[in-house]
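Below is one structure, written out as structure tokens; the observations come after it.
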Amino acid sequence: MFDTLYSQIGAAVGVVVVAFAFLKGDEPERVGGGAYALGALAGLLVQEDSQLYGTQWGLMIVDTVMLVAYAALAWKSRRSWPVWASALQSVIVMSHILTAVDARPPIAAFYAVVNLASYGILLALTIGVFRAWRERRALGIA
């Protein structure tokens, strides 16, 4: 999985954002960061790198569970970033559904959608952590 520089940079960005969420975020950001980290690790475990065509059912289940987690977080939290994370995660799940109904999208397009949406989720989480941190500093809690 980490055989290219692109994947190594992506993993490093994910680790930095999740660490930032745990160190400076409130409870919703910590839950979102933990969910992202667990989803990324579970995705690494179930991903089949040799399968270029067809649906990766294990990865689809992991991404669907992630969608449920972000949707629940959006439902219970007063923050706006979980809504964006849920929307981007739904794009990932929809790309899995496209492969399941045999729409035959090019595999490069599938991976591009998944990677860009994952970076969008990290960006939404980063913005949420920064806003929570700034809110706490303004209130003098930090």
TODO: Applying side-chain contact (heavy atoms from CB on, under 4.5 Å), run through S80 and R131 and close with a yes or a no.
DONE: CA-CA 10 Å; S80 62; R131 285 184 177 173; 3.6 Å; yes
Task: L123: hydrophobic cluster co-members (side-chain, 4.5 Å) - done: I127
Open item on the list: Tell me every residue that passes side-chain contact (heavy atoms from CB on, under 4.5 Å) with L23, counting only those two or more places apart in sequence or in another chain.
Closed with: none
Open item on the list: If you define the side chain from C-beta out and look only at heavy atoms, does anything of N115 sit under 4.5 Å from Y6?
Closed with: yes
TODO: Using side-chain hydrogen bond (donor to acceptor under 3.5 Å, both in side chains) as the criterion, list what pairs up with E135, not counting sequence neighbours.
DONE: R78
Open item on the list: Test question: given the 4.5 Å side-chain rule for I, L, V, M, F, W and Y, name all other residues clustered with V91, or answer none.
Closed with: V113
Open item on the list: Under 4.5 Å between side-chain heavy atoms, counting indirect links through other Ile/Leu/Val/Met/Phe/Trp/Tyr residues: same cluster for F130 and L88 or not?
Closed with: yes
Open item on the list: Is there a path of hydrophobic side-chain contacts, each under 4.5 Å between heavy atoms of I/L/V/M/F/W/Y residues, joining I61 to V101?
Closed with: no
Task: Donor-acceptor contact present, side-chain Q47 to main-chain L59, <3.5 Å - done: no
Task: R134 side chain vs V129 backbone, donor-acceptor pair below 3.5 Å - done: no
Table please: side-chain donor-acceptor pairs of residues 92-100 below 3.5 Å, with sequence neighbours left out.
from, atom 1, to, atom 2, distance (Å)
S95, OG, I92, O, 2.5
H96, NE2, D63, OD2, 2.6
T99, OG1, T55, OG1, 3.4
T99, OG1, H96, O, 2.6

Open item on the list: Please give me the minimum heavy-atom distance between R30 and F22, naming the atom from each residue.
Closed with: NE-O, 3.2 Å
- [ ] Could you tell me whether E29 and R79 make a salt bridge, using a distance below 4.0 angstrom between a side-chain N and a carboxylate O?
- [x] yes
- [ ] Output all residues satisfying side-chain contact (heavy atoms from CB on, under 4.5 Å) with A71, sequence neighbours left out; order by chain, then residue number.
- [x] S86
TODO: Using side-chain contact (heavy atoms from CB on, under 4.5 Å) as the criterion, list what pairs up with L73, not counting sequence neighbours.
DONE: P28, V31, W81, P82
Task: Residue pair Q89 / I121, side-chain heavy-atom distance below 4.5 Å - done: yes
Task: same_hphob_cluster(L125, F20) at 4.5 Å side-chain heavy-atom cutoff - done: yes
Open item on the list: Is there a path of hydrophobic side-chain contacts, each under 4.5 Å between heavy atoms, that joins Y36 and Y119?
Closed with: yes
Open item on the list: Restricting to side-chain contact (heavy atoms from CB on, under 4.5 Å), what partner residues turn up for V13, sequence neighbours left out?
Closed with: I9, V17, L122
TODO: State which residues pass side-chain hydrogen bond (donor to acceptor under 3.5 Å, both in side chains) with S90; sequence neighbours excluded, sorted by chain then number.
DONE: none
Open item on the list: Count I, L, V, M, F, W, Y as connected when their side-chain heavy atoms are under 4.5 Å apart, and connections chain through other members. Are L67 and L116 then in the same cluster?
Closed with: no
